[in-house]
Structures are given as structure tokens and as C-alpha cells.
Peer 1: 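Structure below; questions to follow.
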Amino acid sequence: MDSNGVDEQMKLVEGAGGYVLEDVPHLSDYILDLPTYPNPLQSNAAYSVVRQYFVDEDDTVPQKIVVHKDSPRGTHFRRAGPRQKVCFKSADVRACIVTCGGLCPGLNTVIREIVCGLHFMYGVKEVTGVNCGFRGFYSRNTVTLTPKSVSDIHKRGGTMLGTSRGGHDTLKIVDNIEDREINQVYIIGGDGTQKGASAIYKEIRRRGLKVAVAGIPKTIDNDIPVIDKSFGFDTAVEEAQRAINAAHVEATSVENGIGLVKLMGRYSGFIAMYATLASRDVDCCLIPESPFYLEGKGGLYEFIAKRLTENGHMVIVVAEGAGQDLLAESIDQQDASGNKLLKDVGLWMSLKIKEHFAKESKMDITLKYIDPTYMIRAIPANASDNVYSTLLAQSAVHGAMAGYTGFTAGLVNGRQTYIPFNRITERQNKVVITDRMWARMLSSTNQPSFMNPPKGTTSVTE
Ligand SMILES: Nc1ncnc2c1ncn2[C@@H]1O[C@H](COP(=O)(O)OP(=O)(O)OP(=O)(O)O)[C@@H](O)[C@H]1O
Ligand SMILES: O=P(O)(O)OC[C@H]1O[C@](O)(CO)[C@@H](O)[C@@H]1O
Ligand SMILES: [Mg+2]
């Protein structure tokens, strides 16, 4: 039990052969005699013809799909989708949507599809948008959302509701939810947001309110665990190609040209790694998870000199969180949510490389630094992220209507699932540098491993 008297133990269901379902809470866990109603989709012209449209209560999705003959069946998550029975009458639903944290392609699509899903699948008419993130619950007016008002928002980047960091005041937020008689809360955001959503769910449960809390994971950095990948990630990687192409063109157009591109990735280097793998023009990819050093044998300067001698040009991609410990010390600063503010590793590297080759080497280099940081996340979602965002939004709607709460909708092994908040918030997803994907990346660039820094050299770790 936590200090609010809420059972923090996971809802585990064990089965034969080592099967474990890490289930999500349901309103009936704390509201006795919760009434149920037939799902309106049963008489929906589009869906009623679909065989087995409704998800069986027993359907679960395994977290690990590669198994051995004698291995236990392992952890499973509840399969997302519409249920035969729902726990809300359509006319009684008062839903709200909020977006928090940094921008991500697809945010507007998720908003749109929650509104349209509630409206067209469940006949829900009352949906409001909370402006400017968590703080908007208690400091802003809400906006009415209808299928008409959201009809073309998916074609625009950003979030039509606005977003913010910081300002999470659980009690004020839940007071507001209670005052407005909201009974479904859809919270779209990253790891910090899902922690905030979990706090809201716990307080709602402590008060015994019939309010379903559904999270939709958003992260351009792909740093949320368990899920296959986050919506908007593919779009960001695609947009990063434009910067890498430009760096390559600049680098190949001069003698000893170096193109340096900084990409987002505060603690996780997925964007840099995938953008490098996709491009094939990158000679070196540096991420927060993999230490590197500049000077001496096996260092970056040596590798740059080698590549320039071999090819006459090179492209370096650096994730914004890489190499932070190498940069000159400065006062630790945080943003409003408590995230560490990073120093500009790209700018620092470009100065260091120029300085090194001007002083220490006879090589005359030309370095162009490209920083597309916000450009890769402020664009609309591409086609596949639009479809992905749509399915996530619909899963969240089906889950809340069925009475599930305290969950994040997420794709696990290609299937939509409901994941308990604590699974999402307990750790961050990182590139595992002993995994095959990083090895594939290394074999595509043939960059040094930076594993053996010379004595006295700082090797950067996170
Ligand atoms: N531990 C926490 N408990 C309650 N609320 C939190 C917690 N951590 C963060 N939040 C709130 O969640 C919101 C978003 O957090 P944050 O700015 O870290 O972004 P995020 O959701 O992690 O997204 P991203 O990092 O991908 O931009 C903020 O309003 C912040 O106050
Ligand atoms: O400048 P902002 O909006 O705080 O966001 C920067 C951070 O947000 C992220 O895009 C995650 O949303 C990180 O990659 C980046 O460090
Ligand atoms: Mg975050």
C-alpha cells in the first residue's frame, strides 16, 4: 500500500507453464456493483459485420515472443480492443484530453482519433480539450472538441491543445476533474507524463471516483520501455535524413569536408542510431549510451583523420545527450519537469574538431554543423505514424469505455495492449550496446568502438 492506501502491487494473474498476466486496473476493482451495458458497436453498421470484432476477455499478448522449448510462458499484457460490455452509457461520458511534454509528430492525430473514436464508435458527444498540459487543468479554460473541430488537425505538426513541462499538481488536477464531472481522462505524453497520469489515477481511485484514466505514450526519443516503438519516431527518423543528406552533400563538395549533424535524444540514442542505419552516408554515430573520447589511439580525432584520408569527406551524427560529461562543467540546470538541461554537444564538437585540425594536424578541414533539432519533431506524422496513432487512440477509447483504468495503450510485438503505468514508468528505454541493432549500426559505419580510452583520457559515459 502507498501513503494514499492504494494497493501498489501489480495485478498479476498466473497461469499454467509460467504464464503471468500483468493486468491493468478496472473500475470494478474499487467500485462495487459497477453496472455494464451492451457495447454500442454491436449495432454499428461498420463494425457489426466483422467476425470476432470483440476482444475475448482471455486474450493476452506475450512480452517475449522468442522462446525456447522449455522456457516459461512469461509476462503477458491484456490485449486492447472493444469489449462486448462497456461500463459507461454513451450519454453519460464526459471525456477530456491533455497533451504534455515535448512535441512529437502524430500528437494531433491521436487527439483527432480519440474525439472521432468516442463520437463515431460510441456516440459520445462531450469531449473537452485541456489547454497547455497538466497545468491547464487548473489554470486554463477548456476547449470543446468535436469531429468537425478536429477534422484536419492531423495534417499539422504540434498539438492543437498546446503542451507544457512542469505544473503537475495532482490534487488540483483531480479536484478539477471532479468539479467538471469528467469521467474519462486521456493523457498523451512521455515518461514524465505517464508518471503524472499514474499519480492522477491513484488519487482518483483513493477518492473512489468513477473516472477512467488512459495514457497514450508519446516520445520522440523512443525512451518508453515495453512498447515496440513510439508514434512519431519513424517520421522523426525520416526527417533526420534530410539533415544527414545535406551534411553529406556539403561534406562531399569540398576537400576534407566534415558534416556534423546533431539529433534529438536526451538519454536514448534511438533517433541517431536509426537515422544512421537508414542513411548509410554516416561514418560515425555517437549516442548517450556509448562512451567515446576524442584524443589518442582509438579516439575520434584519429578516426576522422583516417576517414578523410580514405574518402576525402565524412559525416558524423551525434545525439544531443552524447558526450555530456566531456563538455566543460557548468551549473546543473533543469527544465520545469526536472529534466536535465543539456549542453550543446554539437557546437562543442564542431569547435573542438576545428581546433584540433588547425593546431595538431596538417589536414585542412571544412566542417559544417547542422542542427535540425526541433525540425524533426515539429512536423506532421507520416502515413504510417498516422495509422499507428489512430490505432493507439482507438485502443485507449475502447479500454476506457470498457472500464479499464490506470493503463497506457501500447504496441507490444505488433499487437495493441493495455500496459500498467508502473511498467511504463519504472525505467527508460535505452539503446543496448551489446544488442544486435547497435552491432548492425557499427558494422554499417565501421567506426571505432571507443572501448579502450588511453590512460588519462576521459571516456564519456552517461
Ligand atoms: N514524477 C512525476 N510525477 C508527476 N508528474 C510528473 C512527474 N514527472 C513529470 N511529470 C509531469 O509530466 C509532464 C511532462 O513531463 P516531461 O516534461 O518530463 O515530459 P515527458 O512526458 O517525459 O515527455 P518528453 O520527455 O518526451 O518530452 C510535466 O507536466 C511534469 O510536471
Ligand atoms: O526544448 P524542450 O521542448 O524542453 O525539449 C527538448 C527535449 O525534448 C525531447 O524532444 C523529448 O521530447 C528531447 O529529445 C529533448 O531533449
Ligand atoms: Mg521524458
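In this chain, residues are counted from 1 in sequence order.
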Peer 1: If you measure from OG1 on Thr276 to CD on Gln241, what distance do you get to the nearest 0.5 Å?
Peer 2: 8.5 Å

Peer 1: Taking Glu57 first and then Arg78, would you say they form a salt bridge - that is, a charged N and a carboxylate O separated by under 4.0 Å?
Peer 2: yes

Peer 1: Indicate the atoms forming the closest heavy-atom contact of Ala272 with Ile287, along with that distance.
Peer 2: CB-CG2, 3.9 Å

Peer 1: Atom SG of Cys104 and atom CZ of Arg377: how far apart are they, to the nearest 0.5 Å?
Peer 2: 9.0 Å

Peer 1: Students often mix this up, so state it plainly: with edges at 30° and 60°, are the rings of Phe450 and Tyr293 parallel, tilted or perpendicular?
Peer 2: perpendicular

Peer 1: Are the side chains of Ile376 and Ile379 in touch, meaning some heavy atoms are under 4.5 Å apart?
Peer 2: no

Peer 1: Once you round to the nearest 0.5 Å, how far does CG of Leu107 lie from NE2 of His154?
Peer 2: 14.5 Å

Peer 1: Between the main-chain N or O of Gly232 and the side-chain N or O of Tyr388, is there a donor-acceptor pair closer than 3.5 Å?
Peer 2: no

Peer 1: Aromatic rings Phe134 and Phe137: how do their planes relate, parallel, tilted or perpendicular, breaks at 30° and 60°?
Peer 2: parallel

Peer 1: Which atoms form the tightest heavy-atom contact between Gly133 and Cys100, and what is the distance?
Peer 2: CA-SG, 4.0 Å

Peer 1: Less than 4.5 Å apart, any side-chain heavy atom of Gln394 and any of Cys116?
Peer 2: no

Peer 1: Is a salt bridge present between Arg266 and Glu320, judged by a nitrogen-to-oxygen distance below 4.0 Å?
Peer 2: no

Peer 1: Under 4.0 Å between a Lys/Arg side-chain N and an Asp/Glu carboxylate O for Asp58 and Arg79?
Peer 2: no

Peer 1: With no hydrogens and no angle check, is any side-chain donor or acceptor of Ser230 less than 3.5 Å from a backbone partner on Phe233?
Peer 2: no

Peer 1: Do Val24 and Lys11 come close enough that some side-chain heavy atom pair is under 4.5 Å?
Peer 2: no

Peer 1: Between Asp29 (side chain) and His26 (backbone), is there a donor-acceptor pair under 3.5 Å?
Peer 2: yes

Peer 1: Which residues pass the ring-ring contact (aromatic ring centres under 6.0 Å, His included) test with Phe231, not counting sequence neighbours?
Peer 2: none

Peer 1: On a heavy-atom basis, which atom in Leu145 and which in Val115 lie closest, and how many Å separate them?
Peer 2: CB-CG2, 3.8 Å

Peer 1: Check this for me: Arg94, atom CZ, are more than 12 non-hydrogen atoms of other residues, nucleotides or ligands nearer than 6.0 Å?
Peer 2: yes

Peer 1: Could you tell me whether Arg423 and Glu22 have a side-chain N and a carboxylate O separated by less than 4.0 Å?
Peer 2: yes

Peer 1: Can you name the closest pair of heavy atoms from Gly406 and Pro25 and give their distance?
Peer 2: O-CD, 3.7 Å

Peer 1: Do Pro380 and Lys155 come close enough that some side-chain heavy atom pair is under 4.5 Å?
Peer 2: no

Peer 1: On a heavy-atom basis, which atom in Leu392 and which in Ala409 lie closest, and how many Å separate them?
Peer 2: CD2-O, 3.5 Å

Peer 1: Do Gln84 and Asn39 have side-chain N/O donor and acceptor atoms under 3.5 Å apart?
Peer 2: no

Peer 1: Is it the case that over 12 heavy atoms from other parts of the model lie below 6.0 angstrom from the CG atom of Asn141?
Peer 2: no

Peer 1: In the structure I gave you, are the side-chain heavy atoms of Thr146 and His119 within less than 4.5 Å of one another anywhere?
Peer 2: no

Peer 1: For residues Pro62 and Val412, report the shortest heavy-atom separation together with the two atoms involved.
Peer 2: O-CG1, 3.8 Å

Peer 1: Please list, chain by chain and in numerical order, all residues satisfying ring-ring contact (aromatic ring centres under 6.0 Å, His included) with His76, sequence neighbours excluded.
Peer 2: Tyr19

Peer 1: Can you see whether Thr408 engages Gln194 through a side-chain donor-acceptor pair at a distance of less than 3.5 angstrom?
Peer 2: yes

Peer 1: When the aromatic ring centroids of Tyr201 and Phe407 are compared, is their separation below 6.0 Å?
Peer 2: no

Peer 1: Quick one: are Ile188 and Val98 in side-chain contact, heavy atoms under 4.5 Å?
Peer 2: no

Peer 1: Among Asn382, Ile220, Asp234, find the one that has a side-chain contact (heavy atoms from CB on, under 4.5 Å) with Pro105.
Peer 2: Ile220

Peer 1: Where the side chain of Asp228 meets the backbone of Asn413, is there a donor-acceptor pair that is under 3.5 Å apart?
Peer 2: yes

Peer 1: Okay, side chain of Lys85, backbone of Pro35: is any donor-acceptor separation there less than 3.5 Å?
Peer 2: no

Peer 1: Keeping Thr417 on the side-chain end and Gly410 on the backbone end, is there a donor-acceptor pair under 3.5 Å?
Peer 2: yes

Peer 1: Do the side-chain N and O atoms of Thr99 and Thr159 include a donor-acceptor pair separated by under 3.5 angstrom?
Peer 2: yes

Peer 1: With a 3.5 Å distance limit and no angle check, can you tell me whether Ser90 reaches the backbone of Val124 through a side-chain donor-acceptor pair?
Peer 2: no

Peer 1: Hey, does the side chain of Ser350 reach the backbone of Leu347 with a donor-acceptor pair shorter than 3.5 angstrom?
Peer 2: yes

Peer 1: Do you see a donor-acceptor pair shorter than 3.5 Å between the side chains of Asp223 and Thr219?
Peer 2: yes

Peer 1: Do Asp385 and Thr235 meet the criterion of a side-chain donor-acceptor pair at a distance under 3.5 Å?
Peer 2: yes

Peer 1: Is Asn339 close to Arg165 at the side-chain level, that is, under 4.5 Å between some pair of heavy atoms?
Peer 2: yes

Peer 1: Is it the case that Tyr186 and Gln184 place a side-chain donor and acceptor less than 3.5 Å from each other?
Peer 2: yes

Peer 1: Before giving the answer on side chain to side chain donor-acceptor pair (under 3.5 Å), spell out for Asn386 and Thr109 the whole-Å C-alpha distance, their side-chain angles and the decisive distance to 0.1 Å.
Peer 2: CA-CA 6 Å; Asn386 257 329; Thr109 313; 2.5 Å; yes

Peer 1: Is the shortest side-chain N to carboxylate O distance from Arg207 to Asp175 below 4.0 Å?
Peer 2: yes

Peer 1: Could you grab the distance from atom CG of Asn183 to atom CG of Leu27, nearest 0.5 Å is fine?
Peer 2: 9.5 Å

Peer 1: Quiz question: by atom type and distance under 3.5 Å, do the side chains of Asn429 and Tyr267 form a donor-acceptor pair?
Peer 2: no

Peer 1: Can you name the ring-ring contact (aromatic ring centres under 6.0 Å, His included) partners of Tyr122, sequence neighbours left out?
Peer 2: His398

Peer 1: Is any side-chain heavy atom of Leu341 less than 4.5 Å from a side-chain heavy atom of Gln334?
Peer 2: no

Peer 1: Scan side-chain atoms only and decide if Arg112 and Asn108 contain a donor-acceptor pair under the 3.5 Å cut-off.
Peer 2: no

Peer 1: Rounded to the nearest 0.5 Å, what's the gap from CD on Glu426 to CE on Met10? Could you check?
Peer 2: 7.5 Å

Peer 1: To the closest 0.5 Å, what do you measure between CD1 (Ile316) and OH (Tyr369)?
Peer 2: 12.0 Å

